[in-house]
There are 2 protein chains.
Amino acid sequence: MPDRDSHETALRLIETLRQLPRYPKVITPQELRDRLAAHGFKVDIRTIQRNLNDLSRYYPLCNDEKKPQGWCWMPNADITDLPSMDPATALAFRLARLHLAPLLPATLLARFDPYLKAADRALGDSDLTYRWADKVRMVPNGLALRPPTDNAEIIATVGEALLRECCFTARYRNRDDAERAFQRVHPLALVLRGPALYLLATLDDFEDVRQLRVHRFLSADLQPEQPRRLPENFDLDAYIRKGGFEYPEGEPIQLVALFQRGAARHLDETPLSDDQRIVDEDDGRVRLTATVNDTALLRWWLLGFGAGVEVREPAALRAEMAETARRMVWRYRPA
Amino acid sequence: MPDRDSHETALRLIETLRQLPRYPKVITPQELRDRLAAHGFKVDIRTIQRNLNDLSRYYPLCNDEKKPQGWCWMPNADITDLPSMDPATALAFRLARLHLAPLLPATLLARFDPYLKAADRALGDSDLTYRWADKVRMVPNGLALRPPTDNAEIIATVGEALLRECCFTARYRNRDDAERAFQRVHPLALVLRGPALYLLATLDDFEDVRQLRVHRFLSADLQPEQPRRLPENFDLDAYIRKGGFEYPEGEPIQLVALFQRGAARHLDETPLSDDQRIVDEDDGRVRLTATVNDTALLRWWLLGFGAGVEVREPAALRAEMAETARRMVWRYRPA
DNA sequence: GCGGTAAACGACACTCATTGTCGCATGGAT
DNA sequence: ATCCATGCGACAATGAGTGTCGTTTACCGC
């Protein structure tokens with residue numbers, strides 16, 4: 001792309017900044033030369049050395065003082081977005097952060113911090129001294145469970161192995177605290193259930209698909225040379241649908257239930273299904289009709305209303321609720 | 001910052017790209033000159049005009065053909081991160097997206113798309129043809145309610161008014177479908193409850209704080225000149241704590257409950273509280289002890305287990321659960 | 001329709017930032 | 001100790017980027 005007014009230098013410098021990895025990883029000027037050449041920038045190594053030194057005066061770059069220099073962004077370098085973040089996106093990040101705080105492992109959540117900082121900066125730039133902190137909140141509508149503590153490196157390794165479709169070696173702590181070591185973990189998929197992160201994988205030479213809690217790994221080391229083995233006919237969606245994670249997908253049913261008016265209020269605004277209908281009853285309750293899947297979660301959700309709901313149809317579900325209620329009473333029978 | 005080897009041009013071009021807003025907004029070369037000058041780059045307007053034309057050959061920029069040209073990034077322009085996204089962050093975005101899909105209004109969720117694209121690109125760059133799509137899933141651990149449909153412009157306007165602490169005019173549809181018009185909405189805070197987004201605001205000349213469902217706004221127009229009025233002694237946290245959103249914060253209690261073993265399994269890994277303890281009982285159940293807040297959500301969560309849980313302490317809560325169970329049975333009494 | 005104003009743009013010459021080359025210093029490996 | 005690769009200072013060449021100026025274009029008020 002050599003032309004008059006091409007700003008080739010500027011474009012190359014931007015590409016240089018893009019190619020630089022963040023701290024733990026580094027890149028040598030030689031490698032950088034190849035990468036840039038692949039993007040159409042053919043320059044001398046000397047120029048790249050100079051550029052890196054120059055750029056490091058304006059951006060938080062650093063290099064290990066090794067012989068083939070390894071350059072990288074400093075670990076806490078701010079993120080610069082092109083185009084930079086607009087207020088609406090900044091708001092989305094703020095709100096997302098509120099939602100995610102109890103849902104994502106802490107180390108993954110921390111990955112968003114530079115973006116949140118970018119959001120604040122994007123706002124601060126335009127003479128708005130204001131901060132979101134005083135202006136957005138979340139009111140939990142579920143019980144806040146503590147997300148498991150985790151290890152940043154291990155999650156990163158597992159994610160990278162999954163991505164690169166290679167194995168990793170690992171030590172793992174069982175539910176009963178027994179420690180096991182695996183020579184080859186063949187990662188198949190990551191599954192989130194609430195805040196819990198599961199890895200589906202086959203182990204060593206075995207064929208069966210196992211669920212491993214990511215936060216139970218004690219160590220994980222990438223084996224880039226060891227390609228992952230994929231079991232024949234593995235179908236992630238089918239695995240989940242069939243109940244691999246305790247929540248098998250149920251059949252669609254036509255739910256009819258009577259709610260106390262207050263209890264069902266927010267159903268108006270966040271409906272259960274697209275075809276949901278709510279009509280007033282004579283006794284002050286409301287009748288909800290909706291097509292939903294017949295799952296354990298549905299029961300759990302209905303039970304949460306306590307005596308605030310009465311299932312009318314289907315009859316089987318009504319019977320089940322009634323039976324559950326009787327067993328609850330029995331639980332609390334006087335001794 | 002004029003110096004030998006300063007790469008002043010390149011730095012200025014990067015800053016130019018940063019200052020360019022995304023599509024609906026535009027910036028004129030004149031304004032750009034002032035902005036750049038504020039960052040220490042003093043150049044002729046002619047140069048900026050040239051730069052913009054040059055840059056638009058390499059980046060998706062466009063200008064309305066108005067007389068003072070308005071330049072901007074094209075609406076679907078990809079995001080370039082400096083430093084670019086690493087695989088672990090890309091993974092975090094993927095997982096976050098899974099969590100957020102049912103929680104954020106669609107138009108806010110869409111704000112993340114460029115970042116997800118950047119994530120894919122970051123991976124694709126390093127010869128990994130691989131896509132996350134087949135490898136990450138979420139298993140919902142709550143009933144999936146439909147997030148309300150919303151309007152991108154209205155959310156953006158509300159967010160911006162909140163941020164800039166100015167009013168906006170609006171038309172609003174009440175719960176009972178009556179339409180109201182407000183000359184001045186004074187935005188105080190945004191509150192998320194599940195997927196529902198509420199604006200706390202005072203209206204026109206009134207002093208009382210109202211809750212407005214953002215997705216019920218029919219229109220919203222920013223009034224940048226009209227500064228927001230803040231009621232005296234408004235305390236967002238206090239407002240929520242006192243039950244402004246139906247979930248008043250309860251007193252800490254010492255919960256003791258017996259769970260069926262299977263039901264409590266995941267409590268091991270995502271505890272209720274930091275001091276939670278779980279011990280086996282003789283009858284095959286487990287005894288959970290934890291300090292939690294005595295809230296409606298707690299009841300709702302406990303009820304969800306149906307007969308799978310028995311609250312032992314505190315006595316008041318036990319009595320309440322027992323009473324609820326009796327009323328449930330009564331609900332389902334044979335006609 | 002018409003003149004006035006402001007912005008955009010083409011042309012051009014100047015200059016200095018950027019680059020490749022070369023030579024020397026440094027440091028690790030054989 | 002020697003060799004090789006790398007980093008870096010110096011320097012000269014050149015051409016990219018800049019300000020200036022003059023012309024063209026579009027818009028606005030009268």
Side-chain angles (χ1 to χ4, degrees), chain A residues 1-21 25-59 61-74, chain B residues 1-21 25-59 61-74:
Chain A
M1 50 196 74
D3 221 319
R4 177 136 182 107
D5 278 334
S6 71
H7 291 277
E8 188 174 335
T9 303
L11 296 172
R12 174 164 43 78
L13 289 182
I14 293 177
E15 190 58 36
T16 301
L17 290 173
R18 287 196 61 198
Q19 293 294 340
L20 282 176
K25 299 186 183 174
V26 293
I27 189 171
T28 64
Q30 288 70 18
E31 201 176 349
L32 201 46
R33 182 175 49 81
D34 297 339
R35 298 263 193 100
L36 290 177
H39 283 261
F41 300 107
K42 282 181 275 189
V43 286
D44 199 90
I45 284 232
R46 182 70 190 99
T47 296
I48 293 176
Q49 292 170 347
R50 263 194 295 250
N51 290 164
L52 288 169
N53 279 315
D54 295 345
L55 285 173
S56 67
R57 287 166 49 204
Y58 298 96
Y59 290 94
L61 312 181
C62 64
N63 79 77
D64 53 10
E65 309 274 314
K66 304 276 176 55
K67 200 51 200 282
Q69 291 182 327
W71 285 85
C72 61
W73 289 84
M74 297 190 19
Chain B
M1 50 195 74
D3 221 319
R4 174 131 187 114
D5 279 333
S6 69
H7 292 276
E8 189 174 334
T9 303
L11 295 172
R12 174 165 43 77
L13 289 182
I14 293 176
E15 190 58 37
T16 302
L17 290 173
R18 287 198 61 198
Q19 293 294 340
L20 282 176
K25 299 185 182 175
V26 292
I27 188 170
T28 64
Q30 287 71 18
E31 201 177 347
L32 202 45
R33 181 174 50 81
D34 297 341
R35 297 264 191 99
L36 291 176
H39 284 260
F41 300 108
K42 282 181 276 190
V43 287
D44 198 90
I45 283 234
R46 182 70 190 99
T47 296
I48 294 177
Q49 292 170 346
R50 263 195 294 253
N51 290 165
L52 287 169
N53 279 314
D54 295 346
L55 286 174
S56 67
R57 286 166 50 204
Y58 298 97
Y59 290 95
L61 312 180
C62 63
N63 80 76
D64 53 10
E65 309 272 315
K66 303 275 177 57
K67 201 49 201 286
Q69 291 181 327
W71 285 85
C72 61
W73 288 85
M74 292 181 34

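We name chains A, B, ... by the order of the sequence lines, and we start the count at 1 in each one. What you see is a predicted model; the values in this text were computed from it and never measured.
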K66(A): salt bridge (charged side-chain N to carboxylate O under 4.0 Å, His left out) partners, not counting sequence neighbours:
D64(A)
Nearest to the side chain of T47(B), heavy atoms from C-beta on, is which of dG20(C), dG19(D), dG7(D)?
dG19(D)
By side chain to side chain donor-acceptor pair (under 3.5 Å) - contacts of N63(A) (at least two apart):
none
Exam field: side chain W73(A) to backbone Y59(A), donor-acceptor pair closer than 3.5 Å:
no
Residue N53(A), side-chain atoms from C-beta onward, closest of dC9(C), dC8(D), dA8(C)
dC8(D)
Minimum-distance nucleotide to Q69(A) side chain [options: dG7(D), dA7(C), dG20(C)]
dG7(D)
Roughly, in whole Å, what's the span from CG in N63(B) to P in dA7(C)?
15 Å
What's the CD1-C1' distance between I48(B) and dA8(C), to the nearest Å?
14 Å
Euclidean distance, atom CG of residue L13(A) to atom P of dA17(C) [Å, nearest integer]:
15 Å
Quiz question: going by heavy-atom distance under 3.5 Å, is there a donor-acceptor pair between the base of dG19(D) and the side chain of R50(B)?
yes
Partner set under side-chain contact (heavy atoms from CB on, under 4.5 Å) for P68(A), not counting sequence neighbours
T28(A)
Using whole Å, report how far OH of Y58(A) lies from P of dA17(C).
11 Å
Can you tell me how far apart CG (L36(A)) and OG1 (T47(A)) are? Round to the nearest 0.5 Å.
11.0 Å
To the nearest Å, give me how far apart CD (E8(A)) and P (dG17(D)) are.
9 Å
With sequence neighbours excluded, tell me which residues meet salt bridge (charged side-chain N to carboxylate O under 4.0 Å, His left out) with R33(B).
none
Can a side chain N or O of H7(B) be found less than 4.0 Å away from OP1 or OP2 on dT18(C)?
yes
Nearest listed nucleotide, side chain of Q49(A), among dT21(C), dC8(D), dA8(C)
dC8(D)
Quick one: list whatever passes side-chain contact (heavy atoms from CB on, under 4.5 Å) with N53(A), sequence neighbours left out.
W71(A)
I want to verify a distance call: between dC9(C), dA7(C), dG19(D), whose nearest atom is closest to the V43(B) side chain?
dG19(D)
Starting at atom CD of E31(A), determine the distance to atom C1' of dT6(D), rounded to an integer number of angstrom.
16 Å
Identify the pairs formed between an N or O of the protein and an N or O of nucleotides 22-30 of chain C at a distance under 3.5 Å, and give each distance.
unit_1, atom_1, unit_2, atom_2, d
dT26(C), O2, K67(A), NZ, 3.2

